[in-house]
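Accompanying notes for the structure given below.
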Amino acid sequence: MRESDQMSEQDTFRADPSEADRYDVAAVQAKWLPVWDELEPFKADDDSAAEKRYALTMFPYPSGDLHMGHAEVTALHDVISRYWKLRGFEVLNPMGWDSFGLPAENAAIRNDEHPATYTYANIETQYESFKRYAVGFDWTRRLHTSDPEYYRWTQWLFLKFRERGLAYRKLAPVNWCPNDQTVLANEQVVDGRCERCGAEVTKRELSQWYFKITDYAQALLDRLDDLEATWPERVVTAQRNWIGRSEGAHVDFVVGDRVVTVYTTRPDTLYGATFMVVAADAKLAAELVTNEQRPAYEAYVEQVRKASDIERMSTERPKTGVDLGVTATNPVTGEQVPVWAADYVLADYGTGAIMAVPAHDQRDLDFAREFGLPVRMVVDTGEEDPAVSFVATTGNGSYVNSGPLDGLSDKATGIRTVIEQLQADGVGEGTVNFRLRDWLLSRQRYWGVPIPIVHCPTDGEVAVPYEELPLQLPDLRGADLKPKGVSPLAAADDWVNVSCPQCGGPAKRDTDTMDTFVDSSWYFLRYCSPHFEDGPFDEDLVRAWMPCDIYVGGVEHAVLHLLYARFFTKVLHDMGMVDFEEPFAAQLNQGIVINQGKKMSKSLGNGVNLGAQLEEFGVDAVRLTLVFAGPPEDDIDWADMSPAGSLRFLQRAWRLSGDVTSAPGTVDGGDVSLQKARARTVHDAAELVESHRFNVMVARVMELVNATRKVIDAGGAADPAVRAATETVAQLLSLVAPYVAEEMWERLGHQPPIARTSWPTYDEALLVEDTVTAVVQVQGKVRGRVEVPADVSDADLEAAAMADPAVQKALEGATVRKVIVRAPKLVNVVTG
RNA sequence: GCCCCGGUAUCCCAACGGCAGAGGAAGAGGUCUUAAAAACCUCCCAGUGUGGGUUCGACCCCCACCCGGGGCACCA
C-alpha cells in the first residue's frame, strides 16, 4: 500500500491537467514534418485529370531568415492553396528565390567573399524555415534566379526580345543612384530617391539597354479593364496612373529654318499660346539658343543639372528658365512668340517642348508671371480673367480670339476642330501620349544576369549565340566588387575580351548586368516546368497551369514587378509561346505586420522576431494569429494580437479529438442542432475562403468548436454528430494550423495526410430551418417577436405579428397607416 | 492640392438596407487546486467619427466635414 501510495502521488503529479489535456507543440511539429516530407502531399501532378489551380505567392529575396512579413503572406496564401486542395483541384503551389541582387553583393564586399556564399546560405536558412512553417509548397519545383540553369533562359528571352526590336541600347540621361553606384529604372525612383537605399537620385548621360515596354502601353492599359473585378482596385489604379495615357495633338511651330513640334492636350487653346518652352536639358534647347543667349543658357543648364529631382519636383518652387533668344511661328496665327528653356518641361515626355498657354494652364501662368510674358484668354469660362486673377481656367467656356473657334463653347468640339484644321494644313495631328517610359534594364553591378551581347569594332552589337548560353558570370569576389561607377565585370579582363561571334576579331563583352526585375518577370512560367532544358518553359505545361488563379503578395509591387510581368507575358503571347495575355487572373495584397502602431524597424527597436514567436507559441498558433487578425488586406499590429489566445484555442480544438469516443466512420445522425451547426459552418467556410474573409472563417470554426464542446460536456462524447463536427473542425483548421489538424486527424483514427482528404460534405436539408423568429417592429423599433414557419406567407406573418400581445400594447391608441412585411424575418408597423 | 481605403465595446474585429455582437483579447467574479497555471462557468462593456439627407427602417446608400492610413502629384 505504501508503494502504491507513492505511485499515486507521482501519478497525480503526472496527471496534472496542464500536462494531460494539452498537446506538446514542439513534439507535434517534430512528429509530422518528416511524415509530410515522406508523403509529399503538395507535389503537383502535371498529368492529373483533375481541374488545375495555380496558387502563386511572391518569391522572396534571400536576405537573412524569414520574418513576420513572410509569415503573414504565406499563411494567407496557404489557406487558399490548401482549400483548393481539399476541394479536389490539382494545385500547383511552388516556391523559389529571387536570388540575384545588391544585398548579397554588398555583403560579399564586406566579408571578402563571393555573393553566392551569402545568397545560398540564406536560401538554405529560409528553406528550412519555410519547411518548419509548413506551407504547402511543392518543393520539387524550387528555383533560384541566380542559378545558371535559370538565368540561361533569362538571357535567351533578352535575345528574343532584342530580335523583335524590344530590347535596344541608347544614350540618354538616366537615373543614377550615387550610393548603389548604378542606374535605376523610373519605377525604382520614388520621390526622387532610390527605392532601395533612399539616396537622392542624380542624372547621368549613359548608353544603356532598354526594354521597349512603351510599345505595349496601350495593351497594358486596355487589359486592366478585364482585371478590375479580380485585382485590388488600388493596384489597377496605380498601373493606370503609371501608364498615364493622354490624348492631344502634335503641333508644328517654325523656329528659324526648322520645325519644332510640341505636344499638347489642349490644341483648342492654340490661339492663346504666347510663348514656347523647351526642356532645358534637351538637345533641342542647346541647338536653338542664339550665340548671344548661349552663356546665360549654359549657366542655367548647369544650375538645373545640379538640382536634384527632389528640388525640381517641388511644386512650391518658383519657376525658373532662360530666354533662348529665338522666336517660333504659331502655325495658325502666324504670330511670333518667344522660345524659352525651363526645367518644368521634361525632355523625355511628349516632344520635350510645349506651347505655353498661360491663361489656361497654371504652370504656364506661373512661368509667365515670373518673366513678365503676356497672358491671353481664349476660353471665356465666366471666371475672372487669368491675367488678373493669376488662376488659370481649365473648364468649358466660349472661345474668344480664336479665329474659326469663336462662337463654339464645347471643349471636345474645339479640340476636334483645331486638330482637323492642323491636319488639313499639314502642321499637326491628333496623337496619344503615355507617361510610361521604356524600361531601363542595365545595371552596373556584378550579382545579376550578364547581358549576352558582344561589342565588336566591326560588327557593332552582336548577340552571344544561343548555344553558348548561359553566359556565366566570371568569378569575382570581395574587393573586386567594390562600386567604381562602372560594372565590376569591366575589370574581369579574361572574361571581357572575346572574339566576335560574327567576324572572329577582337571584341568586348557588355559588362552590365540586368535589373533583377527581369528575373522575376517570368519565374511563374518557369515553375510549370522548372527542369525543362529545351526552352524557358514547356509550352504545353504552361498551357495546362497558367494563368495563375491567385497571386498573393505585397502591394509595394503594384507597378514595378506586376507591370513588368504583364509586359513579358504580352510579348510571349505575341511570340506565340503562351496563349493568354494576362499572367495573374486574380490577386490578393496582404497588409503589413507592424508593432505598437509603427512599422517594425531597427531604429525604433520594435521588431518582432518570427523565430522567437514560433518557438514560444508554435507554428500553428502564429499562423492562426495572422489569419485571424482581420481582413487580409489590413495591417496587423502585433501588439494587439494574442498568439497565446490562438494557442489556447488550438488546445481546445485538439481536446475535442481526444474526447470523441465513437469509432471512425460513425458520423451520421446524432444531435440535430450540432449537425446543423456543422453543415452551416462548412457551407459558410467555403464562401468565406473564396471571398478571402479568412478571419471570419476562423471565427466560424471557433463557434463550431464551442458548440461541439457543449454537446460533449452534456454527455454526448459518443454522439456521431460530435465525431462529424470534430472531423470537420480538423479539416477546416488544416487550412490554417496544419500540425494540430494532422494530429487531431490521427487521434480521430485516420491516416495522414489530412491535406489529401476532401472537403467535408453535408446534407443540404440541414441548412434549411423549419421555423424562424420574426421580429416585429413598430415605427422601426423592435416591439415583439413571433415564431413562424420558415415558409410563412406575408399575410400569415402579418396576422401573427398583429396578434402578438406586446405589439398590441405598442399599438394602443395609434392608427396603423402601413405594414411592411418581409417574410419570414420582419414586420414593421407604421403608425400615423 | 487630387484620388482611394478605413473610423462599431477597453483592444482586434463581425453584422444581404431589417433584432448592432459572430469570434477573439483584456478585465471582474466563481468552480477546481495547498497554491498558481490551465480548463470550465458567469458577468462587465458601444448604439456605430461629426452634422445633414433619402427610407417604413441606415453601421450599410447620398452630401459636407473631422481623424487615421495609402497612392498620385510641374507628364503639357
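In the text below, chain A, chain B and the rest are named by the order of the sequence lines, each starting its count at 1.
If you check B/U10 for Watson-Crick or wobble pairing at under 3.5 angstrom, you find it paired to B/A25. Taking a pair to require two hydrogen-bonding distances under 3.5 Å in either a Watson-Crick or a G-U wobble arrangement, B/A38 remains unpaired. In this structure, B/G68 forms a base pair with B/C5, meeting either the Watson-Crick or the G-U wobble geometry with both donor-acceptor distances under 3.5 Å. Pairing partner, B/G18: B/C56, with both Watson-Crick or wobble hydrogen-bond distances short of 3.5 Å. Across the strands present, B/G51 finds its partner in B/C63; the criterion is a Watson-Crick or G-U wobble pair with both atom distances under 3.5 angstrom.
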Close N/O contacts between protein and nucleotides 23-26 of chain B (under 3.5 Å):
from: B/A25; atom 1: OP1; to: A/Arg648; atom 2: NH2; distance (Å): 3.1
from: B/A26; atom 1: OP2; to: A/Arg648; atom 2: NH2; distance (Å): 3.2

Can you give me the N/O atom pairs linking the protein to nucleotides 30-32 of chain B at distances under 3.5 Å, or say none if there are none?
none

Can you tabulate the close N/O pairs, meaning under 3.5 Å, that link protein atoms to atoms of nucleotides 7-10 of chain B?
none

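Using atom P as the reference point in both B/A39 and B/A26, the two lie 10 Å apart (nearest Å). To the nearest whole angstrom, the two C1' atoms, one in B/A58 and one in B/G51, are 15 Å apart. Separation of the C1' atoms belonging to B/A35 and B/C43 is 25 Å when rounded to the nearest angstrom. Comparing the C1' positions of B/G24 and B/C45 gives a spacing of 15 Å, expressed to the nearest Å. Atom name P, nucleotides B/G57 and B/A20: the rounded distance is 15 Å, in whole Å. Taking the P atoms as reference points, B/A22 lies 15 Å from B/A14, given to the whole Å.
A/Thr237 comes within contact range of no nucleotide atom at all, as no heavy-atom separation falls under 4.0 Å. Note on A/Gln651: nothing from the nucleic acid sits closer than 4.0 angstrom, heavy atoms only. Within the nucleic acid shown, A/Arg655 comes within 4.0 Å of sugar-phosphate atoms alone, with no base atom in reach, counting heavy atoms only. As judged by a 4.0 angstrom heavy-atom cut-off over every strand, A/Ala629 is placed among residues touching the sugar-phosphate backbone only. A/Arg437 comes within 4.0 angstrom of a base, heavy atoms only. When heavy atoms are screened at a 4.0 angstrom cut-off, A/Val775 is found touching base atoms of the nucleic acid. Among the heavy atoms of the strands lying under 4.0 Å from A/Asn828 is at least one base atom, whether or not backbone atoms are also near.
Contacts classified as salt bridge (charged side-chain N to carboxylate O under 4.0 Å, His left out) and involving residues 687-697 of chain A (residues at least two apart or in different chains) are not found. Sorted by first and then second residue, the salt bridge (charged side-chain N to carboxylate O under 4.0 Å, His left out) pairs involving residues 622-633 of chain A (not counting sequence neighbours) are A/Asp78-A/Arg623. Sorted by first then second residue, the side chain to side chain donor-acceptor pair (under 3.5 Å) pairs that include residues 815-832 of chain A, not counting sequence neighbours, number zero. Sorted by first then second residue, the side chain to side chain donor-acceptor pair (under 3.5 Å) pairs that include residues 428-440 of chain A, not counting sequence neighbours, are A/Tyr168-A/Asp438, A/Thr214-A/Asp438, A/Asp348-A/Arg437, A/Trp439-A/Asp515.
Legend: residues meeting salt bridge (Lys or Arg N to Asp or Glu O under 4.0 Å) with A/Asp659, ordered by chain and number and at least two apart, are A/Arg709. By the side-chain hydrogen bond (donor to acceptor under 3.5 Å, both in side chains) test, A/Arg783 is found to be paired with no residue, residues two or more places apart in sequence or in another chain being considered. Among residues two or more places apart in sequence or in another chain, the side-chain hydrogen bond (donor to acceptor under 3.5 Å, both in side chains) test is passed with A/Asp268 by A/Arg266, A/Tyr399. Judged as a side-chain contact (heavy atoms from CB on, under 4.5 Å), and not counting sequence neighbours, the contacts of A/Val339 are A/Val255, A/Met276, A/Val278, A/Leu288, A/Leu324, A/Val326, A/Ala328. For A/Ala801, the side-chain contact (heavy atoms from CB on, under 4.5 Å) partners two or more places apart in sequence, or in a different chain, are A/Val776, A/Val827.
The distance from atom CG of A/Asp635 to atom C1' of B/C5 is 11 Å, rounded to the nearest whole Å. Atom P of nucleotide B/U55 and atom CG of A/Leu826 are separated by 19 Å, given to the nearest angstrom. Rounding to whole angstrom units, CD1 of residue A/Ile594 and C1' of B/G69 are separated by 10 Å.
The side chain of A/Tyr349 contributes an N or O atom lying less than 4.0 Å from OP1 or OP2 of B/A76.
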